[in-house]
Number of protein chains: 2
Amino acid sequence: MQVTKTLDYAVRSLTYIGHEPIVKHSMKEISEHQHIPLNYLAKIMRRLVKKGIVRSMVGPYGGYTLRKAPGDISLRDIYEAIEGEIRIVDCMDGNGICQLHEACPQLPVWDRVQLSMVKILEETTLEQMLSDRGIRGFTRVN
Amino acid sequence: MQVTKTLDYAVRSLTYIGHEPIVKHSMKEISEHQHIPLNYLAKIMRRLVKKGIVRSMVGPYGGYTLRKAPGDISLRDIYEAIEGEIRIVDCMDGNGICQLHEACPQLPVWDRVQLSMVKILEETTLEQMLSDRGIRGFTRVN
DNA sequence: CTCTTTATGGATATCATGTATCCAGAATAT
DNA sequence: ATATTCTGGATACATGATATCCATAAAGAG
């Protein structure tokens, strides 16, 4: 139940690019400024490209730019590009049927949790994150 | 960002016990009815005991019963007994300071997600889960 | 007291997955 | 042509979730 480092990398890369949406930003540049391992970043960017979140240009002075307006990129988009479909419980077989042949008392709760999470992720756009001044590394745990 | 099997085991064990709160239920019994590896279940029960969620009795006819009323056991209690303090982002050093010396645009969102999640987990008690008829293994992913 | 049942505690193994690295190749600007 | 940068695949590494084993202690039954 944790945000993966990979997703964090992705969001950081996108906010970095989003600050200068016109300019092309190379992986090398992003990697250095955001302290993300270059080769690993490559994997991440690939997924963002495939999902149509960023555009890539090869060659000298190549790099990445956003493909959509920051207001049109939701955190949900980013999440799903990186992690795939959101599914906080994984208790079903291929047919979506619970292995236990009994009623499952937990599902309703997890469902609620997931729905509320998806809602927040969906409402939050890259634009919002960019304008959020962002409290300097501090968060309540509770 | 997934509910672990271990937490699932814990909840299933507790709902199982909760159905007959008076009776003592041995690990063997729980293990068999809920299809949970016996030795692994031992570890799980230990944590629930330590957190005061269940009471254990050793010896023949020993086993576990709830230590509190189902209405006084929240899913948050269970979650924290199993996984420890809830913290969906883990982006700080030991002093709670973000490694990056820049403002972090993501924290506010994850904070909101976590808060909403904690709220739901807190509001949901074992009693509720027990009375929830529980849709037979099926959930919307969205 | 002895025997059986059951939980406890620690050590360790297994496995999955997140994270990271390496490299050869294709695209493209100068 | 050459240097730059992304692409794609293969593979290694690290961590933590999951599982197994066993020796011990507690406690009820005879």
Side-chain angles (χ1 to χ4, degrees), chain A residues 1-13 17 23-65 67 79 81-84 87-91 99, chain B residues 1-13 17 23-67 79 81-85 87-91 99:
Chain A
M1 216 50 170
Q2 289 227 168
V3 176
T4 63
K5 220 166 178 176
T6 311
L7 178 55
D8 177 57
Y9 287 163
V11 177
R12 284 192 355 228
S13 300
I17 297 173
V23 191
K24 278 172 279 184
H25 301 274
S26 72
M27 279 202 311
K28 189 150 166 283
E29 181 195 346
I30 301 172
S31 162
E32 281 166 3
H33 280 80
Q34 295 292 320
H35 311 96
I36 302 171
L38 181 62
N39 303 288
Y40 193 50
L41 180 57
K43 306 303 176 197
I44 295 172
M45 294 315 287
R46 207 76 269 288
R47 298 189 229 178
L48 298 178
V49 168
K50 281 187 180 159
K51 285 293 184 174
I53 295 175
V54 300
R55 180 200 321 276
S56 67
M57 286 93 137
V58 184
Y61 295 89
Y64 300 90
T65 65
R67 186 156 201 141
Y79 187 114
I82 298 301
E83 315 265 10
R87 178 180 300 194
I88 71 169
V89 273
D90 183 29
C91 60
Q99 314 277 24
Chain B
M1 214 49 170
Q2 289 228 166
V3 176
T4 64
K5 220 167 179 175
T6 310
L7 178 55
D8 178 57
Y9 287 163
V11 177
R12 288 199 344 236
S13 300
I17 297 173
V23 190
K24 277 173 280 184
H25 302 275
S26 71
M27 280 202 310
K28 189 150 166 284
E29 181 194 346
I30 301 172
S31 162
E32 281 166 4
H33 281 80
Q34 294 293 321
H35 312 95
I36 301 170
L38 181 62
N39 303 288
Y40 193 49
L41 180 57
K43 306 302 176 196
I44 295 171
M45 294 315 287
R46 207 75 267 290
R47 299 189 227 177
L48 297 178
V49 169
K50 281 188 182 160
K51 284 293 184 174
I53 295 176
V54 300
R55 180 199 323 276
S56 68
M57 287 91 139
V58 184
Y61 296 89
Y64 300 90
T65 65
L66 296 185
R67 185 155 202 141
Y79 188 114
I82 299 301
E83 315 266 11
E85 186 191 34
R87 179 179 301 192
I88 72 170
V89 275
D90 183 29
C91 59
Q99 315 278 21

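In the text below, chain A, chain B and the rest are named by the order of the sequence lines, each starting its count at 1. Just so you know, these numbers come straight off a predicted model, no measurement behind them.
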So Met57(B), base contact, sugar-phosphate only, or nothing? Heavy-atom distance under 4.0 Å.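 The residue Met57(B) makes sugar-phosphate contact but no base contact.
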Which atom pairs link the protein and nucleotides 18-24 of chain D when you take only N or O atoms and keep those under 3.5 Å?
| from | atom 1 | to | atom 2 | distance (Å) |
| --- | --- | --- | --- | --- |
| dT18(D) | OP1 | Lys5(B) | N | 2.8 |
| dT18(D) | OP2 | Thr6(B) | N | 3.0 |
| dT18(D) | OP2 | Thr6(B) | OG1 | 2.3 |
| dA19(D) | OP2 | Tyr9(B) | OH | 3.1 |

Over how many whole Å does the gap from [X] atom [atom1] to [N] atom [atom2] extend?
X	N	atom1	atom2	answer
Tyr61(A)	dT4(D)	OH	C1'	10 Å
Ile82(B)	dG16(D)	CD1	P	17 Å
Glu83(B)	dG16(D)	CD	C1'	11 Å
Ile44(A)	dT7(D)	CD1	P	14 Å

Can you spot which of Leu41(A), Ile36(A), Val11(A), Ile82(A) makes a side chain to side chain contact (heavy atoms under 4.5 Å, CB included) with Thr6(A)?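 Passing option: Ile82(A).
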Say you draw a straight line from OG of Ser13(B) to CD of Glu29(B); how long is it, rounded to the nearest 0.5 Å?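 CD of Glu29(B) is found 11.0 Å from OG of Ser13(B).
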Which two nucleotides bound the region of DNA chain C that has atoms under 4.0 Å from heavy atoms of chain A, read 5' to 3'?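 From 5' to 3', the first and last contacting nucleotides are dT19(C) to dA29(C).
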Would you check if the side chain of Ser31(A) reaches a backbone N or O of Pro37(A) as a donor-acceptor pair within less than 3.5 Å?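 Judged by distance alone, no pair lies under 3.5 Å.
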Is it true that a side-chain atom of Arg55(B) and a backbone atom of Thr65(B) form a donor plus acceptor pair closer than 3.5 Å?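 Checking the backbone N and O of Thr65(B) against the side chain of Arg55(B), no donor-acceptor pair under 3.5 Å is found.
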Just do the side-chain contact (heavy atoms from CB on, under 4.5 Å) check on Thr4(B) and Met1(A) with the steps written out, would you? CA-CA 8 Å; Thr4(B) 64; Met1(A) 216 50 170; over 6 Å; no
Check whether any side-chain heavy atom of Met45(A) sits under 4.5 Å from a side-chain heavy atom of Leu48(A), and report yes or no.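 With C-beta onward as the side chain, the pair touches.
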So, using side-chain hydrogen bond (donor to acceptor under 3.5 Å, both in side chains) as the criterion, who are the partners of Ser26(A) when residues are at least two apart?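 side-chain hydrogen bond (donor to acceptor under 3.5 Å, both in side chains) check on Ser26(A) returns nothing, list empty.
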Shortest non-hydrogen separation from Gly52(B) to Arg67(B) and the atoms involved: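 Smallest interatomic distance, heavy atoms only, reads O-CB, 3.5 Å.
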